[in-house]
Amino acid sequence: MLDLHTKIEDFTVEDGCLTVGGRTVTELAETVEYAPFYAYDSGLIVKRVEKLRKFIPPQIKLHYAIKANPMPDVVRLLADNVDGLDVASAGEMHVALSTSCPPPEISMAGPGKSDQDLSEAVSAGITINAESEGEIERLAEIAEQTGQTPRVAIRVNPDFELKTAGMKMSGGPKQFGIDAEEVPRVLRRLAETNLEYCGFHIYSGSQNLRAEAICDSQRKTLDLAVKLAEYAPAPPQFVNIGGGFGVPYFPGDEPLDLGPIGECLQQLLTQRDSELPGTDIVLELGRYMVAEAGIYVCTIVDRKISRGHVFLVTNGGLHHHLAASGNFGQIIRKNYPVAIGNRIGSSEMEVASVVGPLCTPLDLLADKMELARAERGDLVVVFQSGAYGFTASPHLFLGHPSPTEMLV
Ligand SMILES: *Cc1c(COP(=O)(O)O)cnc(C)c1O
């Protein structure tokens, strides 16, 4: 179960101070003059990929979906440790192209790609996951006008959804992908163009903590790909079966068990060998690779008591870390794991709420949590912050300074 003590142990403690990459948060805070910051532990990121490799059969390709954390240093580190990168915009593509990842192993997904996004992606030689028939027509036009051969995979909107996913992205009408039942016709059309057909991208959802549900979705996904491949102009080079591996954020969340997923993938490889020989199976993971390796740190600027309740008012908050405030897609607000980073192991505890400087009650990083008794100048640490933090937050809201990011 998610518990603060094991979190703290992951990062190790020196003289009551949490460390990231061997440096205390106090030391790191001094380097940024006490501005709020995100710190990502490179050792923990690499360890995380090693853990995946231990459970996932080696024939399975591992991709990093960089929208989870597109900090260039993080992406470069991961590019050296995974088999490919998935991007969701031209901006992310430029980050991916600055790494060791070969362009064909970079794939671009996402609805609403502009003509310029498509042209840049084609010129760069990356793989484009087409989300609609319109995108395929526009790519065919680019191919005709420029003589280039765009690498195209079809993103399929399957006829099932990922059960118990935090965020469902398939089944029913969706802005993502081409409906499975339309794919045979689209593949026939694709065969008439100058596009290079590369495979399928089938992504059903995110933030799933149940291995059985993920296995179920993976099996259905490969079955669907096998069926659709009959209509393809060439054998698929790859089938991207998505990811959805979740991370525990809240008290009581159980970490995902990779054991059954590894076994399921082993079975899928056997099926692959007989039904789609030569096709790579790709897993696409975002938060699972980075979320637990990152913390967000802000400084307490005021300590006030309101009608007996302690408020620790910090220089960071919702505008830096929307997810920890509970406003990034959560239905019921729950506390992320939070600690006073320079008072770990303190025997003097109290119940307090950690709030930010914004003029809205939504700006809440911890609601009535048991924390070490803290003073002005102490550092609040929010764990599980390596994904969907910095770039998923409205920095401009109320005009406070932006946080810094560092890979340590
Ligand atoms: C968001 C997204 C991901 C990453 O999701 P995580 O929950 O961070 O693993 C991967 N692929 C696609 C297509 C996505 O939209």
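Every number for a ligand or one of its atoms is a count from 1 in the order of the listing. Everything quoted here is computed from the prediction, not taken from an experiment.
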Under a 4.0 angstrom heavy-atom cut-off, which atoms of ligand 1 come close to [X]?
X	result
K67	1 (C), 2 (C), 3 (C), 4 (C), 14 (C), 15 (O)
S206	5 (O), 6 (P), 7 (O)
E284	10 (C), 11 (N), 12 (C), 13 (C)

Review point. Using heavy atoms and a threshold below 4.0 Å, how should the contact between A65 and ligand 1 be classified: side chain, backbone, both, or neither?
Key: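 Looking at A65 and ligand 1, just side chain atoms fall under 4.0 Å.
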
Check your understanding: Counting only heavy atoms, which portion of Y388 has something under 4.0 Å from ligand 1: side chain, backbone, both, or neither?
Key ->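 For Y388, only side-chain atoms sit under 4.0 Å from ligand 1.
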
Exercise for review: Decide whether R272 and Q59 meet the rule of one side-chain donor and one side-chain acceptor closer than 3.5 Å.
Suggested key: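 No.
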
Point to revise | Distance-only donor-acceptor check, side chains E120 and Q116, under 3.5 Å | key: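 Side chains of E120 and Q116: pair found under 3.5 Å.
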
**Study point:** Nitrogen or oxygen of R155 less than 3.5 angstrom from that of ligand 1
**Key:**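 Looking only at distances, the answer is no, because the N/O contact criterion of under 3.5 Å is not met.
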
Point to revise | Nitrogen or oxygen atoms of G286 and ligand 1 under 3.5 Å apart | key: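 Yes, there is a polar N/O contact under 3.5 Å.
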
Do [X] and [Y] make a side-chain contact, defined as non-hydrogen atoms from C-beta onward lying under 4.5 Å apart?
X	Y	value
I281	Q218	no
I126	L97	yes
L52	L285	yes

Point to revise | Step-by-step side chain to side chain contact (heavy atoms under 4.5 Å, CB included) determination, C298 to H320 | key: CA-CA 10 Å; C298 53; H320 295 165; 5.9 Å; no

Review point. Under 4.0 angstrom from ligand 1, any heavy atom of Y288?
Key: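 In this structure, Y288 fails to qualify as a contact of ligand 1 - no heavy atom is under 4.0 Å.
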
